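Notes follow once the structure below has been shown.
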Number of protein chains: 2
Amino acid sequence: MTEQPGRRERKKAATRQKIADTALRLFAERGYDAVGIREVAAEADVAVTTLFSHFSSKEALVFEQDEDFEQRLVRAVTDRPSHEALVPALRREIHAMVRHCTADGAAPLWRMIEESPALRQYEESMRQRHAQSLATAIAADLDLPQPTPTCSAIARFVVDAFSVAREADAPQTAVDQIFRMIEAAWAVTGATPPTRKSVAV
Amino acid sequence: MTEQPGRRERKKAATRQKIADTALRLFAERGYDAVGIREVAAEADVAVTTLFSHFSSKEALVFEQDEDFEQRLVRAVTDRPSHEALVPALRREIHAMVRHCTADGAAPLWRMIEESPALRQYEESMRQRHAQSLATAIAADLDLPQPTPTCSAIARFVVDAFSVAREADAPQTAVDQIFRMIEAAWAVTGATPPTRKSVAV
DNA sequence: TCTAAAAAGCTAACCGTTAGTGTTACGGTC
DNA sequence: GACCGTAACACTAACGGTTAGCTTTTTAGA
């Protein structure tokens, strides 16, 4: 896939990184709302159109790890050890993601996000996309061609667990509490915990 | 509360209604993206600033029932018969809301929403607000000063039930399926079904 | 009738985003 | 090594949602 990047792709990645770094630095210095796109572009020494060819919106500059999150969720399902059940695998992953986001260095970034309505809104719709991908992965794990409402619901519950726990006073404890609920919800669908390929309507 | 509206408030409400009606008509006729705010204002014979004093954004024109939804959820908790448990009350309300949204007349509106990324995004963040209000109501019902992660999670599950069911092939069936999961999730928190005032950590 | 305040209006801009159109730099091929 | 197709980047100018600043109209209440 990405064996030998080549000069071209290296330059592209460098440009992208430079834009993201510049943006986060300016946002941290003077606030998200107070910094305009034209400023970010100028400071990163690129054209505005270039910025938008790397990032689909101003908010996307802040959520650079967007696709990482999405793929981590999906892989938690597809790449888990074959003996492991679905929900515990997702619980492990959410634990890790919450730990990552509540680490000391990440705090100011998430505070900025919480303070900006635009960023909060973007994050919500991002999570919604993630939930859809996860639902598809869960459906595939059950040999279903497409997600049933049950799959979609569980996927959303998992993503909700992340959002709620991240804002809780005791994030890790919250993850465990919510996953006890998810485990119970999952059990009631008819899928047996340790084995795969059960039916979920 | 709203006993004698008075001329002033009646006129204000009329202006608001005229704007909303005009907007929905134009959107239906030519598509959401193809109609600009300035057009809506002109057709409704008001100034753009007046439009924005009634609606906080272009998307808000489409989700006029925003506050209705929010209050219905909250009241499903606070105004339920005292013998009824929390989750069944919410199930009834979600059933009614889904029925309302999937009625024949409402179909074109929701198709328009599904086709516009901006509207979908707005809807998601709206639901998130509703979930927060619901979480607060649930917490109050349990005599908690503020929502615990458990309350927030259940509130989100309920709102998710609406979103998932609305897009499902068999909406009403989907509501029942998802609420079986929510019931199980709720049972595991330690709150006993028929009585109130149990503990949820 | 007079007044204070709410509601509506107008103008002009701000800012994110995109279309249209070049220009440069790179990768694969002869 | 020169060549060509294409991906990356740049520039200009605009579009469309949104808001600030300020004026005018309308209404409730004294």
Side-chain angles (χ1 to χ4, degrees), chain A residues 1-24 26-27 30-63 116-123 125-126, chain B residues 2-24 26-27 30-63 112 116-123 125-126:
Chain A
M1 289 283 185
T2 344
E3 296 292 339
Q4 307 281 62
R7 195 164 302 137
R8 192 174 218 159
E9 294 166 33
R10 261 185 291 124
K11 283 208 172 186
K12 181 174 183 178
T15 301
R16 184 192 163 90
Q17 197 61 43
K18 188 176 182 183
I19 295 172
D21 291 348
T22 305
L24 287 179
L26 290 182
F27 291 160
R30 322 213 314 267
Y32 178 77
D33 290 325
V35 178
I37 282 291
R38 291 166 176 84
E39 268 179 282
V40 175
E43 183 82 9
D45 202 30
V46 296
V48 175
T49 45
T50 301
L51 189 155
F52 277 106
S53 76
H54 285 277
F55 299 91
S56 60
S57 69
K58 184 185 182 184
E59 293 90 48
L61 287 165
V62 175
F63 292 99
S116 162
L119 288 174
R120 291 187 75 95
Q121 180 165 351
Y122 184 87
E123 189 192 353
S125 72
M126 183 179 93
Chain B
T2 345
E3 296 293 338
Q4 307 280 65
R7 198 165 299 134
R8 190 173 221 160
E9 296 167 31
R10 263 187 289 122
K11 283 210 171 185
K12 182 173 182 178
T15 303
R16 183 192 161 91
Q17 197 60 44
K18 189 175 181 185
I19 294 171
D21 290 348
T22 306
L24 287 178
L26 291 181
F27 292 159
R30 321 213 315 267
Y32 178 77
D33 289 326
V35 178
I37 282 290
R38 290 164 177 86
E39 268 179 281
V40 175
E43 184 82 9
D45 202 31
V46 297
V48 175
T49 46
T50 301
L51 188 154
F52 277 106
S53 77
H54 286 277
F55 299 91
S56 60
S57 68
K58 183 185 182 184
E59 293 91 48
L61 286 166
V62 175
F63 292 99
M112 182 177 86
S116 162
L119 288 174
R120 292 187 74 94
Q121 179 165 350
Y122 184 87
E123 188 192 355
S125 72
M126 184 180 92

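From a predicted model like this one, the values you see are computed outputs, not experimental measurements. The sequence lines fix the lettering, A, B, ..., with proteins before strands; numbering per chain opens at 1.
Summarising the geometry, the separation between CD1 on I19(B) and C1' on dG9(C) is reported as 12 Å, rounded to the nearest angstrom. One atom, CZ of F52(A), and another, C1' of dT12(D), lie 16 Å apart when rounded to the nearest Å. Spacing between atom NZ of K18(B) and atom C1' of dA7(C) amounts to 15 Å, rounded to whole angstrom units. Following rounding to the nearest Å, R38(B) (CZ) and dT19(D) (C1') show an atom-to-atom distance of 11 Å. Between the CG atom of L61(B) and the P atom of dG16(D) there is a distance of 16 Å, given to the nearest Å. Rounding to whole angstrom units, CZ of residue F55(A) and C1' of dT18(C) are separated by 18 Å. Put simply, CG on D33(A) is 13 Å from C1' on dT18(D), counting in whole angstrom units. Rounded to an integer number of Å, the gap from CG of L51(B) to C1' of dG16(D) is 13 Å.
With sequence neighbours excluded, the residues forming a ring pair (Phe, Tyr, Trp, His ring centres under 6.0 Å) with Y32(A) are F27(A), listed by chain and number.
No side-chain heavy atom of L119(A) sits under 4.5 Å from any side-chain heavy atom of E123(A).
Taken to the nearest 0.5 Å, the OG atom of S56(B) stands 12.0 Å off from the CZ atom of F63(B). The distance from atom CG of L26(A) to atom CG of D21(A), rounded to the nearest 0.5 Å, is 11.0 Å. Within the model, atoms NZ of K58(B) and OG of S116(B) stand 8.0 Å from one another, a figure rounded to the nearest 0.5 Å.
For dG27(C), the base has no donor-acceptor partner in the side chain of R7(A) [N/O atoms by modelled type, under 3.5 angstrom].
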Just distance, no hydrogens or angles: give the donor-acceptor pairs under 3.5 Å from side chains in residues 37-55 of chain B, sequence neighbours left out.
residue : atom : partner : partner atom : Å
E39(B)  : OE1  : R30(B)  : NH2          : 3.4
E39(B)  : OE1  : G36(B)  : N            : 3.2
E39(B)  : OE2  : R30(B)  : NH1          : 3.3
E39(B)  : OE2  : R30(B)  : NH2          : 2.5
E43(B)  : OE2  : R25(B)  : NH2          : 3.2
S53(B)  : OG   : T50(B)  : O            : 2.7

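Contact annotation for V35(B): backbone-only contact, meaning every heavy-atom pair under 4.0 Å involves sugar-phosphate atoms and none involves a base.
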Each nucleotide in nucleotides 3-9 of chain D should get exactly one letter: B, S or -. Can you fill that in based on protein heavy atoms under 4.0 Å? ---BBSS
